[in-house]
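Down below is the structure, laid out as C-alpha cells.
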Amino acid sequence: MSDAATIRPLRASAISGWDKEADVVVAGYGIAGVCAAIESARAGADVLILERTGGWGGAAAMAGGFIYLGGGTPLQQALGFEDTPENMEAFLLAALGPGVDKAKIADYCQGSVEHYNWLVSCGVPFREAFWGQPGWEPPHDEGLMYSGGENAAPFNEIAKPAPRGHVPQMADKRIGQKSGGYMLMKPLAETADGLGVHVEYDTRIRRLIVDDTDRVVGVLATQFGKQIAIRAERGVVLATGSFAYHQQMIEGYAPRLIGRPAAAIEEHDGIGIRLAQALGAELAHMDATEVAFFGDPQMMARGILVNGRGQRYIPEDTYPGRIGQATLIQQDNQAYLIIDEESLEAALATETSTPFFRQPPTWAAETVAELEADMGLPTLTLQGTVAAYNLHAADGNDPLLGKKPEWVRPIGAPLAAFDMRGFTAGFTLGGVRTDLDSRVLHVSGEPIAGLFAAGRCTSGLCAGGYVSGASLGDGSFYGRRAGLAAAK
C-alpha cells in the first residue's frame, strides 16, 4: 500500500470498536505534548498521551534546555536586566523573519512572563546567575544567557539588548545527552503524572480518524505491531516533532539539510505534518531551518570568519546559530576561521560547554600571504580582507559588520586558519499553520475541527531566523494553548 493511502484519514464508521478512549489524545511526549497534557488535565479533561518510544522526553530532554522568554521575567529582573514585551517583540520581528507571524510573536511576547511563572509553578528550576561569555550554552548551571544575537549587530541597534535564554538548573550536564532540557521535562512529566494523565508508550500514530462531518475524533495507531483505534471525545493534539529525519520531505522542502540533521531525533519523521496535510492543513515555512555551526564561539569572536573567496560575511560575535545559517544558506557552506596566536591562546584559556569544538588549526603561517597561499585562496583576497579589518581594528572599530569593540583587535602574526567548510547541520522549522489557540488551520483558513498542534510539527515563531530557546519556548507555550483548546 502506498504511503499516501496509509496516511489518509479513516472514517469513524469503519471502526468496529474503540480499543481506548479519552477526552483529549496527545500524540508525542516531548515539550509540546507534556504541556498540552497538563493544561488539558487541569481543565478537567481525561488525557491520554501516545508516545512512540519507551519513555517521555523526546528531543526536548536531550536539548541544552534554552527556553526563549523575556519581557521582564523574574529571572531577568533579579539579575538586573530590563526588558519589556515590546522590546522583545521588536527584536524577534527583526531576527526571525522574513514572513514571521506577527500576531503570534506579539502574543508570545505578551505572555512570556506568565509562561515563565507557569513553568516555575510546575517545578522547573532556574538559578539566579548570568553567563555573559560567548558560547553555545552555559558550561555550568547559570540560568540566563544571550541566546540569539540580541547584543550583536545589527540587532543591538534595533532593540535594547536583553538576555532571554532561560536555562533550567542542572548539574553535571552532558551536551546532547542529558542537559538542561532534561530538567525542563522531568518536573513537567511529574506534574502530568500527578494530574492523572495516562500514557501509552511504544505506540505509534498512523492515521487520523474523522466522523461524517470531517471532525477529528480519534487516531489509528500501532502498539507492538498491533493496530489499535483510540477515540478522542474532545480533540487530538499533534506534538510529534519536526521532519528532520524524513528523507523525502527534506529533499522536497529543505534540501540544504540533506544528509545533515542535528538537534533532532530519528522519531522526527514528519508524521504529524503529513497526517494533518492529508486533511487539507495549510503548511508554512517548510524551507526554514536552524543551522548549528560546529565552531567555538570564544575563538570565532576573537578572529574573523571568511568565505570561500576570503571575504568576511558576518559579525563573528553573534549567535552561533546565525553564523551557521549564514554559512550554509548564503555562503554555500564555505567558511574559514582566521585567528592569530595571541587571540587563539586567549580563547583556549576560557571555559566552554563544547570543548570538542577546540581542535588544532588546519594551517599555520608567519604571514597572511603565506597563509593565503597555503589555503589555496587567490592572491590578495585574504590579504585584502585582513588589511581592511586591521586598518579599522587599530581604532577598535568594525564598520563593515559591526562586531563589538571588545572583540576587535588587529590580527597579528603568527596566525592560523581553521578549515570549517561543511561544519553545519540543523533541523527544520516549518510545519502546519496554527492559530493562537493552536488549532490546525485548513488551506481555506478555517480551523480543522478537533485537531490541534504545537511544537516543531507546526510553523511557530520562526520563519527563517532562529534563536536558541524558540523551539522549547513556543512548543511549551502553544502546547499549553493546544491543551486548553482541546479540553473545551
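- A cation-pi arrangement is present between Lys104 and Tyr478, with the terminal nitrogen or guanidinium carbon under 6.0 Å from the aromatic centre and inside a 45° cone about the axis.
- Atoms CG and CG, from Leu451 and Leu441 in turn, are 10.0 Å apart once rounded to the nearest 0.5 Å.
- Taking the charged nitrogens against the carboxylate oxygens, Arg11 and Asp214 do have a contact shorter than 4.0 Å, which makes a salt bridge.
- Of the inter-residue distances, the one linking Leu472 atom CG with His166 atom NE2 reads 13.5 Å to the nearest 0.5 angstrom.
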Report task. Might you work through the side chain to side chain contact (heavy atoms under 4.5 Å, CB included) test for Ile265 and Met62, ending with a clear yes or no? Result -> CA-CA 9 Å; Ile265 53 178; Met62 300 173 62; 3.7 Å; yes

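- For the pair Ser112 (side chain) and Cys109 (backbone), a donor-acceptor distance under 3.5 Å is absent.
- To the nearest 0.5 Å, the span separating CD1 on Ile273 from OG on Ser459 amounts to 9.5 Å.
- Relative ring orientation between Phe91 and Tyr68 is described as parallel, the plane-to-plane angle staying below 30° on a 0-90° scale split at 30° and 60°.
- Ring orientation note: the planes of Tyr201 and Tyr29 are close to parallel, at an angle under 30° on the 30°/60° scale.
- One finds a salt bridge joining Glu282 and Arg433 here, because a Lys/Arg side-chain nitrogen approaches an Asp/Glu carboxylate oxygen to under 4.0 Å.
- Separation of atoms CG (Leu96) and NE2 (His285) is listed at 10.5 Å; rounding is to 0.5 Å.
- Gln76 places a side-chain N or O within donor-acceptor distance of the main-chain N or O of Pro163, the cut-off being under 3.5 Å.
- Ionic pairing of Asp46 and Arg234 is not present here: no N-O contact between side-chain nitrogen and carboxylate oxygen is shorter than 4.0 angstrom.
- For the 3.5 Å distance criterion, the side chains of Ser444 and Glu446 fail to qualify, holding no donor opposite an acceptor.
- In this structure the side chain of Leu188 reaches within 4.5 angstrom of the side chain of Cys35, judged on heavy atoms.
- Using a 4.5 Å heavy-atom threshold, the side chains of Met183 and Gln169 count as separate.
- Closest approach of Asp141 and Met170 over heavy atoms only: CB-O, 3.6 Å.
- Between Gln330 and Gln325, every side-chain heavy-atom pair lies at or beyond the 4.5 Å cut-off.
- With a 4.5 Å cut-off on side-chain heavy atoms, Leu238 and Phe452 do not count as touching.
- Just one of Asp107, Asp474, Thr434, Asp437 meets the side chain to side chain donor-acceptor pair (under 3.5 Å) condition when paired with Arg481; it is Asp107.
- Within the 4.5 Å cutoff, the side chain of Lys102 has no heavy atoms near those of the Glu89 side chain.
- Aromatic rings from Phe427 and His268 are positioned such that their centres are separated by 6.0 Å or more.
- With Thr354 contributing its side chain and Phe357 its backbone, the two residues share no donor-acceptor pair below 3.5 Å.
- A donor-acceptor pair is defined here as one N or O able to donate and one able to accept, closer than 3.5 Å; no such pair exists between the side chain of Glu142 and the backbone of Leu144.
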Query raised in the report: Would Gln298 and Thr352 count as a side chain to side chain contact (heavy atoms under 4.5 Å, CB included) if you check the C-alpha gap in whole Å, the side-chain angles of each, and the deciding distance to 0.1 Å?
Result: CA-CA 8 Å; Gln298 289 278 3; Thr352 178; 5.7 Å; no

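- Classification of Asp435 and Arg439 as a salt-bridged pair holds, one side-chain N sitting under 4.0 Å from a carboxylate O.
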Requested in this report: Mind running ring pair (Phe, Tyr, Trp, His ring centres under 6.0 Å) on Phe356 and Phe294 for me, showing each step along the way?
Outcome: CA-CA 9 Å; Phe356 37 82; Phe294 303 141; 8.9 Å; no

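- At least one side-chain heavy atom of Lys186 sits less than 4.5 Å from a side-chain heavy atom of Trp56.
- Checking each of Arg52, Arg204, Arg206 against Thr222 for a side chain to side chain donor-acceptor pair (under 3.5 Å) leaves exactly one that passes, namely Arg206.
- Between the side chains of Glu137 and Ser179, at least one donor N or O sits under 3.5 Å from an acceptor N or O.
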Requested in this report: Before giving the answer on side chain to side chain contact (heavy atoms under 4.5 Å, CB included), spell out for Gln133 and Glu351 the whole-Å C-alpha distance, their side-chain angles and the decisive distance to 0.1 Å.
Outcome: CA-CA 9 Å; Gln133 292 295 312; Glu351 288 188 276; over 6 Å; no

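- In plain terms, the two heavy atoms of Glu316 and Leu305 that are nearest each other are OE2-N, 3.0 Å.
- In this structure, the side chain of Ser40 engages the main chain of Gly483 through a donor-acceptor pair within 3.5 Å.
- Thr458 places a side-chain N or O within 3.5 Å of a backbone atom of Gly455 that can act as its donor or acceptor partner.
- Distance check, rounded to the nearest 0.5 Å: CG of Leu48 to CD of Glu21 gives 11.0 Å.
- In this structure, Thr428 and Leu257 have side chains that are in contact, with non-hydrogen atoms separated by less than 4.5 Å.
- Side-chain contact of Ser147 with Tyr319: a donor-acceptor pair under 3.5 Å is absent, judged by distance alone.
- In this structure, the side chain of Asp23 does not engage the main chain of Ala45 through any donor-acceptor pair within 3.5 Å.
- The shortest non-hydrogen separation linking Val216 to Leu279 is CG2-CD1, 3.5 Å.
- Between atom CD1 of residue Ile205 and atom CD1 of residue Ile228 there is a gap of 11.5 Å, rounded to the nearest 0.5 Å.
- For Arg256 (side chain) and Leu328 (main-chain N/O), a donor-acceptor pair under 3.5 Å exists by modelled atom type.
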Report task. Verify side chain to side chain contact (heavy atoms under 4.5 Å, CB included) between Val210 and Arg215, making sure each step is shown before the conclusion. Result -> CA-CA 5 Å; Val210 298; Arg215 178 184 178 86; over 6 Å; no

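- Shown here for Ser476 and Ile67, the closest heavy-atom pair between the two residues is OG-CG2, 4.5 Å.
- Between the Thr350 side chain and the Ala347 main chain, a donor and an acceptor come within less than 3.5 Å of each other.
- Gln277 is not listed as a side-chain neighbour of Val443, based on a closest heavy-atom distance of 4.5 Å or more.
- Nearest heavy atoms, Asp211 versus Ala12: CA-CB, 4.3 Å.
- Between Arg207 and the choices Ile271, Leu220, Val219, the side-chain contact (heavy atoms from CB on, under 4.5 Å) rule is met once, by Leu220.
- Checked by atom type and distance alone, the side chain of Arg274 never pairs as donor or acceptor with a backbone atom of Ile7 at under 3.5 Å.
- The closest side-chain donor-acceptor pair between Gln110 and Glu86 falls under 3.5 angstrom.
- The two atoms that bring Ala36 and Val237 nearest to each other are CB-CG1, 4.0 Å, heavy atoms only.
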